[in-house]
Amino acid sequence: MKLVCCFLVFLAIALLNVAEGGGECGKSSPDREAWKLAPCAMAAQDTNAPVSSSCCQQVKKIGANPRCLCAVMLSNTAKNSGIKPEIAITIPKRCNIDDRPVGYQCGAYTLP
């Protein structure tokens with residue numbers, strides 16, 4: 001019984017965080033945010049591919065929250081789209097975003 005109560009409390013807290021936008025990307029899921037990075041598709045698969053201005057605009061917007069940007073780059077949507085995290089992580093630098101979170105740990109990757 002005690003275990004069931006603990007589980008229910010944990011579940012209620014988790015649901016409350018989701019309802020209030022407690023995820024990495026606020027009220028939106030990383031998978032939903034990943035669709036906004038569609039202009040970055042080629043640049044996230046090939047370091048030699050040019051990075052479009054529309055890609056850089058979206059990366060700058062999402063990257064204002066490094067936790068969200070990281071979650072998006074590692075999301076199932078990104079993975080299923082053929083995004084290579086080791087290349088995607090270089091896009092903020094390739095966009096010359098001055099206030100990018102250099103050194104931020106994103107899973108096994110570090111933002112350059």
Side-chain angles (χ1 to χ4, degrees):
M1 182 65 177
K2 196 174 197 178
L3 183 62
V4 172
C5 285
C6 288
F7 175 75
L8 290 176
V9 168
F10 175 76
L11 183 61
I13 291 170
L15 290 175
L16 184 62
N17 279 340
V18 170
E20 291 180 356
E24 293 94 343
C25 298
K27 293 182 180 181
S28 185
S29 72
D31 285 305
R32 182 174 290 160
E33 291 297 308
W35 288 106
K36 295 177 182 176
L37 295 179
C40 302
M42 293 305 295
Q45 295 176 25
D46 179 1
T47 54
N48 295 317
V51 184
S52 69
S53 61
S54 58
C55 169
C56 291
Q57 288 172 342
Q58 289 299 324
V59 168
K60 186 168 178 67
K61 188 181 294 183
I62 295 172
N65 176 351
R67 285 181 60 213
C68 178
L69 184 61
C70 179
V72 168
M73 290 183 181
L74 299 176
S75 70
N76 288 329
T77 298
K79 191 183 311 177
N80 293 336
S81 299
I83 300 304
K84 297 177 181 172
E86 67 275 12
I87 296 173
I89 206 84
T90 68
I91 292 175
K93 182 176 182 177
R94 291 162 58 200
C95 287
N96 295 313
I97 297 173
D98 292 329
D99 58 348
R100 69 185 185 275
V102 175
Y104 187 83
Q105 278 300 126
C106 184
Y109 309 98
T110 304
L111 270 108

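If you're wondering where the values come from, they're calculated on a predicted model, not measured in any experiment. The first residue in the sequence is number 1, and the count goes up from there.
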Inter- and intrachain pairs under salt bridge (Lys or Arg N to Asp or Glu O under 4.0 Å), touching [range], at least two apart:
range	answer
residues 35-51	Glu33-Lys36
residues 68-94	none
residues 55-66	Lys60-Asp99

For Met42, what are the other residues in its hydrophobic cluster, where any two members join if their side-chain heavy atoms are less than 4.5 angstrom apart?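 None; Met42 is a cluster of one.
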Remaining members of hydrophobic cluster (4.5 Å side-chain criterion), Leu111: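 Listed partners: Leu37, Val51, Val59, Ile62, Leu69, Val72, Met73, Leu74, Ile89, Ile91, Ile97, Tyr104, Tyr109.
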How about Asn80: does its CG atom have over 12 heavy atoms from other parts shown lying under 6.0 Å from it?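 Enclosed: over 12 neighbouring heavy atoms sit under 6.0 Å from CG of Asn80.
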Reported CZ-to-SG distance for the pair Arg32 and Cys25, which is rounded to 0.5 angstrom: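 Going from CZ on Arg32 over to SG on Cys25, the span is 11.0 Å.
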Nearest 0.5 Å, what's the CD-OG distance between Gln58 and Ser53?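 It comes to 11.0 Å.
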Inspect cysteines Cys56 and Cys95 and report if their side-chain SG atoms are under 2.5 angstrom from one another.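 Judged by the SG atoms alone, which are under 2.5 Å apart, Cys95 and Cys56 are bridged.
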State which residues pass side chain to side chain contact (heavy atoms under 4.5 Å, CB included) with Asp31; sequence neighbours excluded, sorted by chain then number.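 For Asp31 the side chain to side chain contact (heavy atoms under 4.5 Å, CB included) partners, ignoring immediate neighbours, are Ser29, Ser75, Asn76, Thr77.
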Give me the atom names and distance for the closest heavy-atom approach of Pro39 to Ser52.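 Nearest pair, atom of Pro39 first, then Ser52: O-OG, 3.7 Å.
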